[in-house]
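Counting starts at 1 for both ligands and their atoms, following the listed order. The shown structure was predicted, so the numbers you read here are calculated from the model rather than taken from an experiment.
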Amino acid sequence: MVVLSQRIQKVKPSATLQITAKAKELRAQGKNVIGLGAGEPDFDTPDHIKQAAITALREGFTKYTPVDGIPELKKAIVAKMLRDNNLTYNLDEILVTSGGKQAFFSMALALLNQGDEVIIPAPYWVSYPDMTLVADGHPVIVDTQESDGFKLRPEQLKAAITPKTRFVVINSPSNPTGAAYSVDEMAKIAEVLRPLPNVWVISDDIYEQIVYDGFHNNNIVQVAPFLKDRTILLNGVSKTYSMTGWRIGYAAGPRDAIKAIAKIQEQSTSCATSIAQKAAAAAISGDQSCVQPMIQAFRERRDFIVHALNAIPGIHCNKPEGAFYVFPSVAGLMGKKTPKGKLIQNSADLADHLLNDHEVALVPGSAFGKDPFVRISFAISMDDIKTAMTRIEQAARELV
Ligand code: GLU
């Protein structure tokens, strides 16, 4: 029998990745499953970005890079921070990682001590609590409400803070709700933190460019510059440039913190992939006109999906400000039975039923710490969205 570490026994599998894999597997078996699970744009990576990687390969740029990233990419990130966020960072305040996820993971290992508390507003991206646990931290989940747009109220944050609080995680626009904080809302969160110099912010800005209806995302450092010396901004190219598989993320923050996170990287992955770094540099510093058409397509899908979901009895859906997810309430479907007589008691039951009997894969809200809700990704084609909505509507109407 394999002896497992206590550490790994505390960790759950990633529901987002598992459901995405399950949908792919069922499709490979010939089932006509529509995957609304994956948080991954369906667009191809723009050609000029691919070309940069091809050139790098041809030129033999295939060796280890500096641990913290190639200068070309780090300079592009610094310029991007100024261009998009009006923030000034030095090169030694930037670390290139193997995806945004690894930036959080290494950050947790580098900066958390046993029992340090990490405040995570729910619904949260599935991996924050587990990555905190891997690093022996203690996730403190603060439940936000649909009626508050799934945003943390300042008084909720205040009530959650203890002498052990080390981090507050802010993810705006949010995975899984798409909710994004206005400047005013973000300023109020920052004010709670002003008198607490030991509490740091982890600001996951991976969806910052994917916003709708003229919304402009401002991260907490933009809104409250006094937090700059205790905030780590996490970002990456996966979502904005449809580059999920290239695995390039980055962290920006105080030099000593970045240096510590780089040490974890030095002792684990060594560096992010050389050719992917070249591609990321082309993405960040190249022509940005490839981004808007993707956002426009997401906006059309969002509008369609919100309208379609709200027309289904038992489902209620907020309109998200950003990202490519909706997080509808399915409270009106709870306690009902499927035509086969199975009782639907929570979002996991509903997700199972939809997958098994209606060939629609989505992620139950419970994976994000909030029930009875489900997460639907609209990073798939409009045709598939339309078919999926018809299937969900039929499933909902069949419940008794
Ligand atoms: N972040 C995406 C999602 O939530 C990708 C999968 C993952 O790493 O969780 O679906």
Enumerate, atom names and distances included, each donor-acceptor pair closer than 3.5 Å involving a side-chain atom of residues 274-287, sequence neighbours excluded.
from   : atom 1 : to     : atom 2 : distance (Å)
Ser274 : OG     : Phe61  : O      : 2.9
Gln277 : OE1    : Ile70  : N      : 2.8
Gln277 : NE2    : Thr65  : OG1    : 2.9
Gln277 : NE2    : Ala272 : O      : 2.9
Lys278 : NZ     : Glu72  : OE1    : 2.8
Ser285 : OG     : Ala281 : O      : 2.6
Asp287 : OD1    : Ser289 : N      : 3.0
Asp287 : OD1    : Ser289 : OG     : 3.1
Asp287 : OD2    : Ser289 : OG     : 3.0

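- Here the CE atom belonging to Met131 is positioned 8.0 Å from the CZ atom belonging to Phe105, to the nearest 0.5 angstrom.
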Identify all side-chain donor-acceptor contacts of residues 157-174 below 3.5 Å with residues at least two apart in sequence or on another chain.
from   : atom 1 : to     : atom 2 : distance (Å)
Thr162 : OG1    : Glu117 : OE1    : 2.7
Thr162 : OG1    : Lys164 : N      : 2.9
Thr165 : OG1    : Thr162 : N      : 2.8
Thr165 : OG1    : Thr162 : O      : 3.1
Arg166 : NE     : Leu111 : O      : 3.3
Asn171 : OD1    : Asn175 : N      : 2.9
Asn171 : ND2    : Pro173 : O      : 3.3
Asn171 : ND2    : Asp204 : O      : 3.0
Ser172 : OG     : Tyr181 : N      : 2.9
Ser172 : OG     : Asn217 : OD1    : 3.2
Ser174 : OG     : Thr177 : N      : 3.2
Ser174 : OG     : Thr177 : OG1    : 3.0

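- Annotation: side-chain contact (heavy atoms from CB on, under 4.5 Å) contacts of Asn32 (sequence neighbours excluded): Glu359, Arg391.
- Under a 3.5 Å cut-off, the side chain of Ser5 and the backbone N or O of Ile8 do form a donor-acceptor pair.
- Atoms CG and CD1, on Leu36 and Ile19 in that order, are 11.0 Å from each other to the nearest 0.5 Å.
- The 4.0 Å heavy-atom shell around ligand 1 contains residues Thr16, Leu17, Gly39, Lys101, Trp125, Asn175, Lys239, Tyr325, Arg375, ordered by chain and number.
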